[in-house]
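For reference, the structure discussed in these notes is given below.
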2 protein chains.
Amino acid sequence: MKIATWNVNSLNVRQPQVLEWLMNQQPDVLALQELKLDQDKFPIAALQMMGWNAVWSGQKTYNGVALISRHELHDVHIGLPEMADDPQRRVIAATVNGVRVIDVYCVNGESLDSPKFDYKRQWFAALTHFVRDELTRYPELVLLGDFNIAPTDEDVYDPKKWHEQIHCSSEERSWLKNLLDLGLHDSLRHLHPTGAFYTWWDYRGAMFEKGLGLRIDHVLVSANLLAKLQSVQVDTDTRANERPSDHAPVVAVFG
Amino acid sequence: MKIATWNVNSLNVRQPQVLEWLMNQQPDVLALQELKLDQDKFPIAALQMMGWNAVWSGQKTYNGVALISRHELHDVHIGLPEMADDPQRRVIAATVNGVRVIDVYCVNGESLDSPKFDYKRQWFAALTHFVRDELTRYPELVLLGDFNIAPTDEDVYDPKKWHEQIHCSSEERSWLKNLLDLGLHDSLRHLHPTGAFYTWWDYRGAMFEKGLGLRIDHVLVSANLLAKLQSVQVDTDTRANERPSDHAPVVAVFG
DNA sequence: GCATTTCTCG
DNA sequence: CGAGAAATGC
């Protein structure tokens, strides 16, 4: 089973790249973030024509998440129960081949002193409670997406510059640890305990060309699935596309 | 001698089309309007690389005019003497092979009751005085560009709809007549006394596809040049380009 | 830097 | 409708 996550930063712009990527990669599940399109603008026809199923939660301009699969998507759940009246579309979950897949576009937070950081704090608490609940029902579970948190300084191109900055603060890292403490594992670090595996590079300043990024997109898996984990890769090839997303896909394969 | 005028509605966007058009048409002079780029943003390097000379008066966002030629451009004059402190770049004149070429992007005016219509009135008076003065020195003179005036109802796709509207009012037509009364002649009507020869079609409502336009771009010539006039054409082929200007070039050939 | 919206202009 | 500016978000 191949499961991938990709923050596409506008599915309108990246649609051809996503279709081509699906053709080439043939994942069992692709989780997308930052669709930036309204619910009724999702290109479901083009996907179905190519034999893909999809569920999505769209929003105009901002956010938006989707799960795309060759298989059936069961028990679809949208949003966080504790943030029922939050208009931001950041969470979609579904069961594929018995595996619970939770796709998240976590709050960015802007900076530690921003009101958006408080929202990020609340949002991660609500996510943790939701995932804890899901784990009681689904032993095989994947929580994946854009977390907007770099777990350790090894996931940051310049840890001094980013010290206690957004994405890298100890408080944010504690939120990520809370998720792992539910019984989840960072699949990439399980197979690659050291080394740089960035998934995001700022468009500004040709950061990708310079190899300067952050690892903020993750595939977290329950112990049950960890046992079957075969490989995890960051597909930096997508950055060679003409109008690339600022994020690269992370692809995990399970036996 | 082949002399043409083309309102390009952003030279940034239309630059490749203009270069291709120059290659194919090989005019002696091409007069451009609505460059919509700042003085230091004019693509002089690309033009020189292809063997063209140019003089221009650029302005950010609005207006902007240029003269492009294979030949030398002498005695360049920018602006209207009576509107010396007008920041709008609408007039550039130069002498090519002994012919005085005055390129104008005349004021639109918006509507008869707009303050911009008063500006149009003043501006045409200042233009008339300038051209009168130029004619005293240059017997062979071409005044060409986007006049934003349709000379007669035959130059309008729906004269009833446009009756006494902007571009078509009797007052504006009197301003155009004032210019002709200086000793200029409407080259297109000289060779084609009747018939529709539109040069502009509103982007809105697929007006070009419906054949509904106005003739507001003109090539006016002194008697001396009229004697040598061989042909005048509107090059509607440019409208088949991918991102066309809303104006088509008008091309006049002199023997 | 890239994507998006809203605004102004023609 | 198509162009540019300015503002916002990441």
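Throughout, protein chains are lettered first and strands after them, A, B, ... in sequence-line order, and every chain is numbered starting at 1. Just so it is clear, the values below take in all heavy atoms, side chains as well, and ignore hydrogens, waters and symmetry mates.
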[X] [atom1] - [N] [atom2] separation (whole Å):
X: B:Asn7; N: C:dC9; atom1: CG; atom2: P; value: 18 Å
X: A:Lys41; N: C:dT4; atom1: NZ; atom2: C1'; value: 14 Å
X: B:Gln33; N: C:dG10; atom1: CD; atom2: P; value: 15 Å
X: A:Met207; N: C:dC2; atom1: CE; atom2: C1'; value: 15 Å

Do B:Asp38 and B:Gln59 meet the criterion of a side-chain donor-acceptor pair at a distance under 3.5 Å?
-> no

Do the rings of [X] and [Y] sit parallel, tilted or perpendicular, given the 30° and 60° boundaries?
X: A:Trp6; Y: A:Trp21; value: tilted
X: A:Phe208; Y: A:Trp201; value: perpendicular
X: B:Tyr157; Y: B:Trp162; value: perpendicular

Contacts of type side-chain contact (heavy atoms from CB on, under 4.5 Å), residue A:Arg243, not counting sequence neighbours | A:Val13, A:Arg14, A:Gln17

Could I get the full list of salt bridge (Lys or Arg N to Asp or Glu O under 4.0 Å) partners for A:Glu34, not counting sequence neighbours?
-> none

For nucleotides 1-10 of chain D, just jot down a letter per nucleotide in 5' to 3' order: B, S or -, based on protein non-hydrogen atoms under 4.0 Å.
-> BSSSS---SB

